[in-house]
Protein chains: 2
Amino acid sequence: MNEQLKLDNQVCFPIYALSREIIGLYRTELEVLDITYPQYLVLLVLWEDGTQTVNQIGEKLKLDSGTLTPLLKRLEVKGIVSRCRCSADERVVHIALTEKGAVMEQMAAGIPERVMKMSGISQESLDQLKEMLASVMGQMCAFRKKEL
Amino acid sequence: MNEQLKLDNQVCFPIYALSREIIGLYRTELEVLDITYPQYLVLLVLWEDGTQTVNQIGEKLKLDSGTLTPLLKRLEVKGIVSRCRCSADERVVHIALTEKGAVMEQMAAGIPERVMKMSGISQESLDQLKEMLASVMGQMCAFRKKEL
DNA sequence: TAAAATTAAATTGTACACAATATAATTTGA
DNA sequence: TCAAATTATATTGTGTACAATTTAATTTTA
């Protein structure tokens with residue numbers, strides 16, 4: 001059979017599998033906060049950069065309004081963020097942390113370290129992996145821009 | 001703010017983002033075959049190993065019956081696989097390629113190479129990444145086993 | 001400046017993921 | 001041997017992803 005089609009020779013499958021595996025580790029930690037991993041990513045953005053438009057969040061997380069709108073509505077229902085139309089430009093919706101959402105940052109502070117401990121991956125491998133991923137993402141983005 | 005919570009310091013987010021990015025590249029290629037990326041993964045398993053039970057596919061792709069059952073039904077509706085209860089053990093369902101499903105292997109033969117070309121990632125980086133991912137997955141699995 | 005183009009979110013529809021539970025068949029063990 | 005435990009798949013329900021379309025507001029430009 002074609003070597004290229006063997007599961008072990010795929011590059012994307014291990015990325016996809018590892019992604020789901022690590023998100024699974026986050027799940028245990030995040031269910032204490034009653035949020036999902038994509039919701040947690042939105043909070044990382046808000047904790048770091050403050051109030052953002054839906055578009056700004058989408059650019060940072062590479063997610064579109066079809067994903068974000070319902071997700072943000074769920075965070076609003078939980079009382080973690082507020083959503084309000086920009087008065088200067090009625091097309092735009094500003095997403096802000098509520099007090100509850102802001103306080104959650106303290107509770108989340110230890111999560112990344114605990115998840116990495118749970119993974120059993122050495123610090124050295126984590127550092128290498130992070131560097132590798134940045135390089136690969138960089139190559140993809142550079143190539144994509146060149147295509148235009 | 002807590003350095004650990006900055007988006008740029010996350011390990012999981014770039015994995016998750018890269019996974020979606022590359023699957024997006026596959027999408028263009030796979031829509032010619034009228035299948036999704038997870039459906040393509042199931043076909044990789046069947047092309048490589050022949051008829052499999054739902055469980056065997058699930059172990060190889062780390063997916064459960066909640067994901068696989070409906071996915072396999074969709075592949076059945078498309079005429080790509082057949083599903084039939086094992087006569088020796090009525091709990092088991094065997095998933096086999098139809099003739100159409102088998103023929104599709106030829107059409108898929110060039111996909112991995114084309115997708116990697118489209119990504120703009122150098123061969124060297126791809127090889128390094130693949131090795132890195134295998135190592136990291138190995139560490140995770142070894143650690144998980146040790147936990148029991 | 002009014003129509004055309006663009007932009008930002010929202011909506012619709014399909015397809016995963018996955019936890020939790022259900023169902024049915026097979027194995028185990030008292 | 002038959003009730004209890006286990007196993008394999010299916011079902012249910014929630015929450016992403018993402019393409020395609022819609023809606024409404026703003027900018028551009030003829």
Side-chain angles (χ1 to χ4, degrees), chain A residues 12-13 15-28 30-31 33-43 52-78 80-81 83-95, chain B residues 12-13 16-28 30-31 33-43 52-59 61-78 80-81 83-95:
Chain A
C12 187
F13 172 61
I15 300 172
Y16 159 80
L18 183 62
S19 169
R20 288 188 297 121
E21 196 79 23
I22 301 185
I23 290 174
L25 296 179
Y26 271 96
R27 200 165 288 123
T28 325
L30 294 177
E31 76 184 7
L33 300 183
D34 189 32
I35 54 175
T36 65
Y37 184 72
Q39 290 168 10
Y40 167 75
L41 290 178
V42 168
L43 292 184
Q52 300 279 300
T53 68
V54 175
N55 243 355
Q56 288 175 314
I57 296 171
E59 272 172 32
K60 285 165 186 165
L61 303 182
K62 300 179 201 292
L63 292 170
D64 67 12
S65 69
T67 301
L68 286 175
T69 297
L71 185 158
L72 293 168
K73 282 183 180 173
R74 283 188 284 271
L75 284 179
E76 187 184 34
V77 168
K78 289 182 208 279
I80 295 171
V81 306
R83 299 161 63 244
C84 70
R85 289 272 163 197
C86 175
S87 51
D89 184 343
E90 289 281 345
R91 292 171 302 180
V92 173
V93 171
H94 289 298
I95 307 299
Chain B
C12 188
F13 172 62
Y16 158 81
L18 183 62
S19 169
R20 288 188 296 121
E21 196 79 23
I22 301 184
I23 290 174
L25 297 179
Y26 270 96
R27 200 165 287 122
T28 326
L30 294 178
E31 77 184 7
L33 300 183
D34 187 32
I35 55 175
T36 64
Y37 184 72
Q39 290 168 10
Y40 167 75
L41 290 179
V42 168
L43 293 183
Q52 299 279 300
T53 68
V54 175
N55 241 355
Q56 286 174 315
I57 296 171
E59 272 172 31
L61 303 182
K62 300 176 202 291
L63 292 170
D64 67 11
S65 69
T67 301
L68 286 175
T69 296
L71 185 159
L72 293 168
K73 283 183 179 172
R74 283 187 285 268
L75 283 179
E76 187 183 35
V77 168
K78 290 182 208 279
I80 295 171
V81 306
R83 300 162 62 243
C84 69
R85 288 273 165 194
C86 174
S87 50
D89 183 342
E90 289 280 347
R91 290 170 304 180
V92 173
V93 171
H94 289 298
I95 307 298

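All figures in this text were calculated on a predicted structure; none of them were measured in a lab. So that the names make sense, note that chain A is the first sequence line, chain B the second, and so on, each numbered from 1.
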Q: Is any side-chain nitrogen or oxygen of Tyr16(A) closer than 4.0 Å to OP1 or OP2 of dA17(C)?
A: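 True: Tyr16(A) side-chain N/O within range (under 4.0 Å) of dA17(C) OP1/OP2.
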Q: Pair Thr53(B), Val93(B) - check side chain to side chain contact (heavy atoms under 4.5 Å, CB included), show working.
A: CA-CA 6 Å; Thr53(B) 68; Val93(B) 171; over 6 Å; no
Q: Mind checking Leu71(B) for me? I need base, sugar-phosphate or nothing, with any heavy atom below 4.0 Å counting as a touch.
A: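 If one applies the 4.0 Å heavy-atom cut-off, Leu71(B) turns out to touch the sugar-phosphate alone, with no base involved.
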Q: Expressed as a whole number of angstroms, how long is the span from Lys62(B):NZ to dC16(C):P?
A: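 Interatomic distance, NZ of Lys62(B) to P of dC16(C): 20 Å.
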Q: Taking atom CG of Asn55(A) and atom CD1 of Ile95(A), what is their separation to the nearest 0.5 Å?
A: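 CD1 of Ile95(A) is found 11.0 Å from CG of Asn55(A).
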Q: Under 4.0 angstrom, heavy atoms only, what part of the nucleic acid is Arg74(A) near: base, sugar-phosphate, or nothing?
A: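 If one applies the 4.0 Å heavy-atom cut-off, Arg74(A) turns out to touch a base.
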Q: Report the distance from atom CD1 of Ile35(A) to atom P of dG15(D), rounded to the nearest whole Å.
A: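 About 13 Å, once rounded to whole Å.
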Q: For Arg83(A) and dA9(C), give me the distance from atom CZ to atom C1', rounded to whole Å.
A: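 Computing the Arg83(A):CZ to dA9(C):C1' distance gives 9 Å.
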Q: Give the nucleotide from the list dT11(C), dT26(C), dC18(D) with an atom nearest to the side chain of Asp89(B).
A: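 The nucleotide sitting nearest to the side chain is dT26(C).
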Q: Apply side chain to side chain contact (heavy atoms under 4.5 Å, CB included) to residues Val42(B) and Leu68(B) and explain how you reach the verdict.
A: CA-CA 9 Å; Val42(B) 168; Leu68(B) 286 175; 4.1 Å; yes
Q: Could you tell me whether the phosphate oxygens of dC18(C), OP1 or OP2, come under 4.0 Å of any side-chain nitrogen or oxygen in Arg20(A)?
A: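 Yes, because at least one side-chain N or O of Arg20(A) sits under 4.0 Å from OP1 or OP2 of dC18(C).
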Q: Quick check on dT9(D): is either OP1 or OP2 less than 4.0 Å from any side-chain nitrogen or oxygen of Asn55(B)?
A: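 Looking at the OP1 and OP2 atoms of dT9(D), one of them is under 4.0 Å from a side-chain N or O of Asn55(B).
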Q: If you only use heavy atoms from C-beta on, which nucleotide in dA25(D), dA10(D), dA17(C) is closest to the side chain of Glu90(A)?
A: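 Nearest listed nucleotide: dA25(D).
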Q: Examine dC16(C): is either OP1 or OP2 under 4.0 Å from a nitrogen or oxygen in the side chain of Gln39(B)? Give yes or no.
A: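 For dC16(C), OP1 or OP2 has a side-chain N or O of Gln39(B) closer than 4.0 Å.
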Q: Could you label the plane-to-plane angle of the Tyr26(A) and Tyr37(A) rings as parallel, tilted or perpendicular, counting under 30° as parallel and over 60° as perpendicular?
A: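 It falls in the tilted class, 30° to 60°.
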Q: Does dT11(C) have its OP1 or OP2 closer than 4.0 Å to a side-chain nitrogen or oxygen of Lys73(A)?
A: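 Yes, Lys73(A) has a side-chain N/O under 4.0 Å of OP1/OP2 on dT11(C).
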Q: Provide, to the nearest angstrom, the distance between the CD1 atom belonging to Ile23(B) and the P atom belonging to dA17(C).
A: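 Going from Ile23(B) (CD1) to dA17(C) (P), I get 7 Å.
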Q: In whole angstrom, what separates Leu75(B)'s CG from dT14(C)'s C1'?
A: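 Going from Leu75(B) (CG) to dT14(C) (C1'), I get 14 Å.
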Q: Mapping Arg27(A) and Tyr37(B) to their closest nucleotides on DNA chain C, which lands nearer the 5' end?
A: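 Comparing both residues, the 5'-ward one is Tyr37(B).
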Q: Does Ser65(A) place a side-chain N or O at less than 4.0 Å from the phosphate oxygens OP1/OP2 of dA9(C)?
A: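 No, Ser65(A) has no side-chain N/O under 4.0 Å of OP1/OP2 on dA9(C).
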Q: To the nearest angstrom, how far is Leu63(A) atom CG from dT16(D) atom C1'?
A: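 Atom CG in Leu63(A) sits about 9 Å away from atom C1' in dT16(D).
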Q: Can you check the Leu72(B) CG to dA10(D) P distance for me, whole Å?
A: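 Spelled out: CG on Leu72(B) to P on dA10(D) is 8 Å.
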Q: Quickly work out the Leu61(A) CG to dC18(D) C1' distance and round it to whole Å.
A: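 Distance check: Leu61(A) CG to dC18(D) C1' gives 15 Å.
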Q: What nucleotide among dT9(D), dA25(C), dA10(C) has an atom nearest to a side-chain atom of Arg85(A)?
A: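 The answer is dA10(C).
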Q: Tell me whether the side-chain N/O atoms of Thr69(B) come closer than 4.0 Å to OP1 or OP2 in dA10(D).
A: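 So the side chain of Thr69(B) is within the cut-off, an N or O lying under 4.0 Å from OP1 or OP2 of dA10(D).
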Q: Return whichever of Arg91(A) or Thr67(A) has its heavy-atom-nearest nucleotide of DNA chain C closer to the 5' end.
A: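 Checking each residue's closest nucleotide, the 5'-ward one belongs to Arg91(A).
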Q: Verify the contact: side-chain N or O of Thr36(A) to OP1 or OP2 of dT16(D), cut-off strictly under 4.0 Å; return yes or no.
A: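 True: Thr36(A) side-chain N/O within range (under 4.0 Å) of dT16(D) OP1/OP2.
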Q: Compare all side-chain heavy atoms of His94(A) with those of Arg83(A) and state whether any distance is below 4.5 angstrom.
A: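 In short, these two side chains do not touch, never coming nearer than 4.5 Å.
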Q: Could you state the interatomic distance from CD1 (Ile57(B)) to CG (Asp64(B)), rounded to the nearest 0.5 Å?
A: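 Here the interatomic distance stands at 13.0 Å.
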